[in-house]
Amino acid sequence: MVGRRGGGRNGPPRGPRFRRWRQGLAIAVGVMLVGVAGSGLFVWHQYEQIASDLPSVDTLKTYQPPTVSRIYTSDDRIMAELAAERRIYIPINAIPERVKNAFIAPEDQNFYTHAGLDPLAILRAELTNLTHRSKRALGASTITQQVARNMLLNSNARTLERKEKEALLALRIEQTLSKDKILEIYLNGIYLGNGAYGVAAAAQTYFNKPLDQLTDAEAAFLGALPKSPANYNPYRHPERAIERRNWVLDRMAEIHAITREAAEAGQKEPLIPHDAVRFGPLPNAEWFGSEVRRQLIDRYGPDRAMQGGLEVHTSLDRKLQDAATLSLRQGLMDYDRSHSRWRGPVTKLHDPGAIAGWATALKDITPPAGMIDQWRLAVVLNPAQGRVGWLSHGEAQEGQVLPKDLGWMRSGGALAAGDVIMIEPQAESGRVAVRQVPKVEGALVSLDARTGRVLAMVGGWSFKESQFNRATQALRQPGSSFKPFVYLDAMEQGIPPSEKFDDAPVSYGDWHPKNYEEDNWGPTTLHDALRESRNLVTIRLAAHLGMKSVADMAISIGLVDQMPHVLPAALGAVETTVLREAGAYATIANGGKLVTPSLIDAVLDRDGTVLWKPEGVALGTTMQAPNQTAVIAPALPATPDAAVPPATPPVRPVQPPVTQPVAGSVEVPHLQDNRRQVASAASTYQITAMMQDVIKRGTGTIAGQGITREIAGKTGTSQDFRDAWFAGFTPDIVTIVWVGFDTPQSLGKSETGGRIAGPIWNRFMKVALEGRPELKFRVPEGVTLARYDTGRLMAVDGFKADQVPGMSIALHGFGAGTEALTAADTGTDLYDTETDMAGAASQAGPSDPNGENSGAPKKLQAPNAQPPGDIGMGGLY
């Protein structure tokens, strides 16, 4: 009984051991709960601390990375690229599937199924790292995590805190953006080596292809680069690059992005990268592109211009740009050859034994900065025979120097074997021409006469040698190419081309102007005076008009910002640029409507929105009535042999203004021209007709040789022959050429604009006019063409309705007021030389209320200055 009772339910209590075990368990549970709670609080604290410092994911919704700004020619060829980072942003729907899969396969195979983190990939990476400690730790970042790291954290620090932030941001990004948007940001933002950011830039950098032309193997190579662009660089480590590319092809086959057969075919392809020309600018267009870049930075600032993905469409005509470059270079070489001796070799091969191995030695010689692409460095092998050797595409070539060049070289000193010279191979003769970089410089600008769109611009001999743009930055005296604007002011004041002014000696104090020929014609028509660039007539005309009026004309037409009201300025003793003069002459060609030169047709942002277009001219539409035809003026004679038309043009019926479109009217394009009228169409035509004779029978005949179109122009030569100009135009193209030294010095006695700049203009314009329709200068309403005897020849000029063709009336003594001119009118009380006066003009402030320019105090005469009586030849010819 006792035993049963002892083994029953009401037996004695359990022992102390069981109680201790229970107490220990309770304590352990309590400690664990406290630990869990503490850990939770700690984790929560850490989360709050990390989360509070995280960047906003919302910025990715409008993510716009730095993107290449591209500059295009008029035919939409890329001319140059502006970029701090080379990136071309492509929307996800324009990225081919093979390119997407080439990155998803090696980087994140579960991209479209995970929520930002891939636990299986993390576990796999940790196991791999534990079993392969000698290797670099394997990562498990998803594409979303990489976006978080690169676009938001901008950090590659291998720390726990960075990984924590990356993971939190990845989760948030997945909740905010779609998978396609995340992939779009990733593929456009990732760095892929060789300065390329994003897949589009990388495709051009390595294969010179757009994305949609990549093969599976090429796409796989791009997908191999994110792991390490430097280690898989195809130029430095081609074997590694191929191995990694083939691995990516295997991964693409695993996820069924391509077939196994396609992967194996891709693995057999050679990896042959093709260098793409980046950043430009287009050959021969360096000055044009540089000026566009400067204007963009001025308008939008460097950050937006260089990183804003702007699309810039310019007016550059590639054919004309190449022709302008070749024409100017040929002209500068011709001048240099005729005025300079050969200046010797570039360098020498000093090692006598090196001549035998000249081809190897030549590879180590750096060409001069001014050597152009068509030239080659050559080694003199036999001085007596003029035999030289050069490299063409890495291959050794030998040939003979042209006999005339050999004689020219010997005039500059003895030749020696081993001399390194510059040559240009002549395909037609199999010989080579000797070249040297000219010291003289030049510039050329050609633009559309109606719109001002700059078609070609060359700023000097070589952009590599000097980036100074002599077309836009060099302030030079235009000389006699300024005179047409004096005569235009006369036409505006009602003086006809047949008006006579006295071409006779005149002196005003210390100022003794004279003609280039140093002769005098007596009473001379304005037509003859402009045709032969007579200084004394121009001075009397300017004195009659008043220099304030002449200055106002030059300023309003855009030639200068300000100019002193002194007579030497009428002969071109002011300063302007080639581009400004082009705009001023275009205004004459455009019937007096102000033409502002423009290089940029339109600027678009990365979304295609137009940000800017030139003002003044726009293409609109208007309603045209059925069967409506334009009113065409009757043809008027334009040659000296034609009959003289009546002084009064026939009366044309006046069309009543149309307020409402006539039934059946159609919408047609219409050019809206809101530009300022700075001179009347009648006056500008009168000047144009006079300048046509400058080329036919005047100082500009060289410029017109072989051109059968209607052309007008004017030569320009400044004091002491320091600047040579030719400014000319057809009804649709204006071209200005300048030649001179960067540090002003004489080009040589009798080296006028017609002799030096004229042939360059002629050579270029023959190319520019090829294929263009033949246009004639339009005679405006109210202008009558008349043939008359100027006293020196028969001329045809335009006369306004209130002018008697061919007549000259007494203007108070052929230029009233000239006898009463003082030193203040000539500038001799302020300036000792015209150079001083022109320099002051470029720095002078606005005129005072009385119309006199404030000018500058008289300068001390330099030791080499002209004698006081020689001031004022100004525009020579």
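- Under the 4.5 Å side-chain criterion, counting only non-hydrogen atoms from C-beta, Thr577 is not in contact with Thr472.
- Asn515 places a side-chain N or O within donor-acceptor distance of the main-chain N or O of Leu536, the cut-off being under 3.5 Å.
- Under 4.0 Å is where a charged nitrogen must lie from a carboxylate oxygen, and between Asp528 and Arg531 at least one such pair does.
- Between atom CG of residue Asp732 and atom CG of residue Leu447 there is a gap of 11.0 Å, rounded to the nearest 0.5 Å.
- The heavy-atom pair separating Arg697 from Glu532 by the smallest distance is O-OE2, 3.4 Å.
- Checked by atom type, the side-chain pair Tyr788/Asp797 shows a donor-acceptor distance below 3.5 Å.
- Taking CD of Glu774 as the start and OG1 of Thr730 as the end, the distance is 10.5 Å to the nearest 0.5 Å.
- Closest approach of Val734 and Ala589 over heavy atoms only: CG2-CB, 4.3 Å.
- Legend: residues meeting side-chain contact (heavy atoms from CB on, under 4.5 Å) with Ile695, ordered by chain and number and at least two apart, are Ile711, Phe726.
- Rounding to the nearest 0.5 angstrom, the gap separating the CD1 atom in Ile736 from the CE atom in Met457 is 14.0 Å.
- Under the 3.5 Å distance criterion, with hydrogens and angles disregarded, no donor-acceptor pair is assigned to the side chains of Thr752 and Thr717.
- Looking at Asp723, its side chain never comes within 3.5 Å of a backbone N or O of Pro478 through a donor-acceptor pair.
- The aromatic ring centroids of Tyr487 and Phe482 lie 6.0 Å or more from each other.
- The closest side-chain heavy-atom distance from Pro523 to Phe501 is not below 4.5 Å.
- The CG atom of Leu530 lies 12.5 Å from the OG1 atom of Thr524; values are rounded to the nearest 0.5 Å.
- Formation of a donor-acceptor pair under 3.5 Å by the Asn469 side chain with backbone atoms of Ala471 is found in this model.
- Here NZ of Lys714 is found 12.5 Å from CZ of Phe729. Values are rounded to the nearest 0.5 Å.
- Using a cutoff of 4.0 Å between basic side-chain nitrogens and carboxylate oxygens, Asp673 and Arg675 are scored as salt-bridged.
- With a 4.5 Å cut-off on side-chain heavy atoms, Ile707 and Leu769 count as touching.
- Considering every non-hydrogen atom in both Gly740 and Leu747, the closest pair reads CA-CD2, 4.1 Å.
- Under 3.5 Å, the side chains of Ser481 and Glu581 contain a donor-acceptor pair of N or O atoms.
- In this structure a side-chain-to-backbone donor-acceptor pair under 3.5 Å is missing from Arg476 to Thr576.
- For the pair Pro496 and Met807, the minimum side-chain heavy-atom distance is 4.5 Å or more.
- The side-chain contact (heavy atoms from CB on, under 4.5 Å) search around Ser340 returns Asp336, Arg343, Gln436, not counting sequence neighbours.
- Side chain to side chain, Ser507 and His512 meet the donor-acceptor criterion of an N or O pair below 3.5 Å.
- Closest of all the heavy-atom pairs between Ala443 and Val578 is CB-CG2, 4.0 Å.
- No side-chain donor-acceptor contact under 3.5 Å links Glu499 and Gln803.
- Side-chain polar atoms of Glu751 and His339 form a donor-acceptor pair below 3.5 angstrom.
- Annotation: side chain of Asn590 is not in contact with side chain of Thr684 (no heavy-atom distance under 4.5 Å).
- Between Phe799 and Tyr685, a ring centre-to-centre spacing not shorter than 6.0 Å is recorded.
- Across Asn520, Asp502, Leu526, Thr525, a single residue satisfies side chain to side chain contact (heavy atoms under 4.5 Å, CB included) together with Val537, and that is Leu526.
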task: Check the pair Arg722 / Asp720 against salt bridge (Lys or Arg N to Asp or Glu O under 4.0 Å), numbers first and verdict last.
output: CA-CA 5 Å; Arg722 293 174 181 171; Asp720 297 329; 3.4 Å; yes

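- Within a 6.0 Å radius of NZ in Lys766, more than 12 heavy atoms belonging to other residues, nucleotides or ligands are found.
- At a threshold of 4.5 Å between non-hydrogen side-chain atoms, the residues Arg709 and Met765 do not count as touching.
- Rounding to the nearest 0.5 Å places CH2 of Trp761 at 15.5 Å from CH2 of Trp725.
- Ser808 contributes a side-chain N or O that, together with a main-chain N or O of Lys500, makes up a donor-acceptor pair within less than 3.5 Å.
- At a cut-off of 3.5 Å, with distance as the only test, a side-chain donor of Gln493 or Ser549 sits close to an acceptor on the other residue.
- No side-chain donor-acceptor contact under 3.5 Å links Ser683 to the backbone of Ser680.
- Here Arg470 pairs with Asp742 in a salt bridge; the nearest charged N to carboxylate O distance falls below 4.0 Å.
- Inspection of the Lys483 and Ser533 side chains reveals an N or O donor paired with an N or O acceptor under 3.5 Å.
- Heavy atoms only, all atoms of each residue included: Pro731 and Glu710 are closest at CD-O, 3.7 Å.
- Between the side chain of Gln477 and the backbone N or O of Ser718 there is no donor-acceptor pair closer than 3.5 Å.
- Annotation for Val595 and Thr451: closest pair CG1-C, 4.2 Å, computed over non-hydrogen atoms.
- The side-chain heavy atoms of Pro513 and Val506, taken from C-beta on, include a pair separated by under 4.5 Å.
- Scanning for side-chain contact (heavy atoms from CB on, under 4.5 Å) contacts around Arg676 gives Ser556, Leu594, Val678, with sequence neighbours left out.
- Checked for salt-bridge contact, Glu517 and Arg534 meet the test: a charged N lies under 4.0 Å from a carboxylate O.
- A salt bridge is absent between Arg450 and Asp448: the closest approach of a Lys/Arg side-chain nitrogen to an acidic carboxylate oxygen does not fall below 4.0 angstrom.
- Between Pro568 and Gln719, the closest side-chain pair of non-hydrogen atoms is not below 4.5 Å.
- Between Asp561 and Arg580, at least one side-chain nitrogen of the basic residue sits less than 4.0 Å from a carboxylate oxygen of the acidic one, meeting the salt-bridge criterion.
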